Amino acid sequence: MKFTPAKPALTGETLETLTARLAGRGEPAFRARQILEWVYKKRARSWDDMTNLPRPLRAWLGETFALLPAALVLNRQSADVTDKLLLELEDRSLIETVIIRVPQEGVGLEHSRKTICISTQVGCAMGCVFCASGLAGLKRDLAAGEIVAQLLQVCHLEDARTPRARAELASFDNIVVMGMGEPLANYDALLRALTIVNAEWGLGFGARRITISTSGLVPKIRRLADEAIGFRLAISLHGASDAVRERIMPVNKAYPLAQLLPAVREFHERHGRMVTLEFILIEDVNDSLEQADLLREIARDLHAHVNLIPYNAVEGLPWRRPSVLRQEEFARVVRTAGVSVTLRREKGHDIDAACGQLRLKTEKAAPGAPGGGAGS
Ligand code: SAH
Ligand code: SF4
């Protein structure tokens with residue numbers, strides 16, 4: 001389903017598109033940069049904050065664009081220093097953005113590693129059986145401006161915490177596109193948003209620190225390999241054979257491993273960066289040592305990093321994570337032969353940081369609530 005907002009979001013404009021719009025009004029060429037500077041560097045919260053713009057231009061901007069198309073409705077902070085931002089869009093859909101802080105040994109919290117996790121769709125159409133985001137199907141794609149707005153909301157939150165200095169997005173270590181939705185199913189909006197996030201006139205965040213996670217849309221992985229900007233790529237593998245993967249990820253029927261793995265190789269060869277293979281460990285589904293053997297061979301062949309993630313239980317779904325002993329044994333088998341492996345102790349467990357769970361709960365708590373009942 002497509003949603004047409006009353007006004008396009010300013011956060012979805014690139015320097016080129018905004019310059020073209022302003023030229024149509026006879027504005028001088030420097031205005032677009034000035035406006036984007038107000039949005040991304042000076043963090044204007046209203047059109048009237050933009051004091052070096054002529055009043056009529058401010059009025060026109062207000063009539064033409066939405067300044068920020070996502071409003072913060074809830075910020076839940078967990079004991080393990082994860083923030084979960086619930087944002088409401090113009091059509092009252094709910095999306096989420098997560099800040100994960102991983103404290104480093106021997107230094108204060110202000111020196112923790114900080115990652116921002118963003119969403120790209122409301123719901124998801126891919127139907128992975130273990131995932132809360134896909135339970136109600138896809139409601140709609142996010143517009144580029146809504147994807148960028150999530151990061152701007154994180155900036156506003158950080159600004160409020162550091163009243164004297166404006167927090168730079170660059171103080172975050174990574175952005176991961178691992179929230180709700182399949183990013184590559186919303187390819188054009190994703191690329192436009194990440195171009196704005198990366199640009200020096202935008203949020204100025206390095207592409208090498210941005211990871212796109214996909215369930216394996218092969219033609220889109222190949223297209224991403226052709227892009228000039230080298231984002232990092234993570235593949236949600238979750239099964240090291242077609243039989244296991246197909247059981248939990250319907251996408252594997254369209255793009256089995258024989259198609260997926262060569263596309264991953266091509267991406268790696270083009271951009272020269274290690275691809276990450278994500279593997280959530282689900283008891284009695286994909287945690288056998290045969291799967292570990294196969295996963296090691298795949299990772300070795302692709303020179304990929306393996307990220308093992310104990311499954312985060314979803315209310316109403318039967319899947320469980322294996323015992324810690326089993327997780328460690330699985331990791332040990334993959335790690336032989338020099339494959340680089342991390343076994344994630346996930347952050348934010350106590351506030352349901354896994355994909356889609358907060359939104360689902362909020363909607364359940366308020367039946368008939370706006371934004372609820374995602375259906376395609
Ligand atoms: N759609 C994309 C990105 C969003 S999902 C993708 O699938 O890659 C981000 C990651 O969270 C994926 O690896 C996904 O498989 C994983 N995930 C989903 N539900 C989970 C759960 N309950 N516990 C742990 N990881 C989960
Ligand atoms: Fe969609 Fe990713 Fe969840 Fe699969 S794991 S349903 S692709 S969000």
Side-chain angles (χ1 to χ4, degrees), residues 95-98 100 115-142 147 150 174-187 190 194 210-218 220-221 224 231-239 244-255 260 264 275-283 285-287 304-322 327 342-361 374 376:
I95 56 165
E96 56 197 4
T97 307
V98 186
I100 307 155
T115 297
I116 309 169
C117 175
I118 58 172
S119 299
T120 51
Q121 297 182 311
V122 185
C124 183
M126 304 308 297
C128 305
V129 298
F130 50 80
C131 175
S133 287
L135 279 182
L138 175 71
K139 185 173 177 192
R140 71 170 173 90
D141 285 335
L142 295 187
I147 299 173
Q150 297 173 58
N174 298 292
I175 294 173
V176 295
V177 189
M178 293 188 185
M180 205 189 329
E182 166 50 53
L184 298 189
N186 187 14
Y187 192 95
L190 174 77
L194 294 185
I210 301 177
T211 302
I212 301 170
S213 175
T214 178
S215 59
L217 294 177
V218 168
K220 300 293 174 59
I221 293 172
L224 194 63
F231 300 108
R232 281 178 179 265
L233 182 67
I235 303 292
S236 291
L237 197 65
H238 308 334
V244 169
R245 196 165 190 264
E246 205 167 291
R247 197 178 143 201
I248 51 178
M249 299 181 74
V251 67
N252 197 72
K253 292 196 184 78
Y255 304 113
L260 176 60
V264 176
V275 170
T276 297
L277 302 177
E278 314 229 43
F279 204 94
I280 38 176
L281 290 168
I282 312 178
E283 190 174 51
V285 172
N286 63 2
D287 65 339
H305 174 79
V306 174
N307 197 8
L308 299 174
I309 309 150
Y311 180 66
N312 209 5
V314 174
E315 215 181 293
L317 296 182
W319 322 103
R320 295 286 167 261
R321 60 172 57 177
Q327 295 169 24
T342 45
L343 174 58
R344 208 199 282 175
R345 301 260 164 262
E346 91 282 30
K347 292 279 144 192
H349 190 61
D350 60 330
I351 57 159
D352 307 308
C355 228
Q357 289 175 34
L358 175 62
R359 167 176 167 266
L360 217 76
K361 276 198 178 161
S376 34

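None of these values were measured; they are calculated from a predicted model. Whatever order the structure lists them in is the order used to number ligands and atoms, beginning at 1.
For the residues Gly181, Cys131, Ser119, Ser215, the heavy atom positioned nearest atom 1 (N) of ligand 1 is part of Gly181. One option in Ile118, Val251, Ile280 has a heavy atom closer to atom 26 (C) of ligand 1 than any other, and that option is Ile280. Among Ser213, Gly134, Cys117, the residue whose heavy atom lies nearest to atom 3 (C) of ligand 1 is Ser213.
When each atom of ligand 1 is checked for a heavy atom of Val314 under 4.0 Å away, the hits are 22 (N). Each of the following atoms of ligand 1 lies closer than 4.0 Å to a heavy atom of Ser236: 6 (C), 7 (O), 8 (O), 12 (C), 13 (O), 15 (O). Per-residue contacts place Ser215 under 4.0 angstrom from the following atoms of ligand 2 (heavy atoms of the residue considered): 7 (S). The Phe130 neighbourhood of ligand 1 comprises atoms 15 (O), 18 (C), 19 (N), 22 (N), with distances under 4.0 Å to a heavy atom of that residue. Applying the 4.0 Å criterion to heavy atoms of Thr214 picks out, from ligand 1, the atoms 6 (C), 8 (O).
For the side chain to side chain contact (heavy atoms under 4.5 Å, CB included) criterion with Asn252, the lone passing option out of His238, Arg247, Arg245 is Arg245.
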In residues 177-184, what donor-acceptor pairs under 3.5 Å come from side-chain atoms, sequence neighbours left out?
from   : atom 1 : to     : atom 2 : distance (Å)
Glu182 : OE1    : Thr214 : OG1    : 3.4
Glu182 : OE1    : Ser215 : N      : 2.8
Glu182 : OE1    : Ser215 : OG     : 2.9
Glu182 : OE2    : Leu184 : N      : 3.0
Glu182 : OE2    : Thr214 : OG1    : 2.8

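The distance from atom 1 (Fe) of ligand 2 to the nearest N/O/S atom of Cys124 is under 2.8 Å.
In this structure, the side chains of Lys253 and Glu246 come closer than 4.5 Å at one or more pairs of heavy atoms. In this structure the side chain of Gln121 reaches within 4.5 angstrom of the side chain of Leu138, judged on heavy atoms. Annotation: side chain of Leu237 is in contact with side chain of Leu260 (closest heavy-atom distance under 4.5 Å). For the pair Val314 and Trp319, the minimum side-chain heavy-atom distance is 4.5 Å or more.
Taking a 4.0 Å cut-off on heavy atoms, Pro183 registers as neighbouring ligand 1. In this structure, Ser236 does not count as a contact residue of ligand 2, since none of its heavy atoms falls inside 4.0 Å of the ligand. At least one heavy atom of Gly179 sits less than 4.0 Å from an atom of ligand 1.
Once rounded to the nearest 0.5 Å, the distance linking CG of Leu194 with OG1 of Thr120 reads 9.5 Å. Atoms CD1 and CG, from Ile147 and Leu190 in turn, are 5.5 Å apart once rounded to the nearest 0.5 Å. Distance CD1/Ile175 to CZ/Arg232: 13.5 Å, rounded to 0.5 Å.
Residue-to-ligand polar distances keep Glu278 apart from ligand 1: every N/O pair is separated by 3.5 Å or more.
Residue contacts with ligand 2, taken as heavy atom pairs separated by less than 4.0 Å, involve Cys128 via backbone and side-chain atoms alike. Of all the heavy atoms of His238, the ones lying under 4.0 Å from any atom of ligand 1 belong exclusively to the side chain.
Residues satisfying the ring pair (Phe, Tyr, Trp, His ring centres under 6.0 Å) criterion with Phe231, sequence neighbours excluded, are absent altogether.
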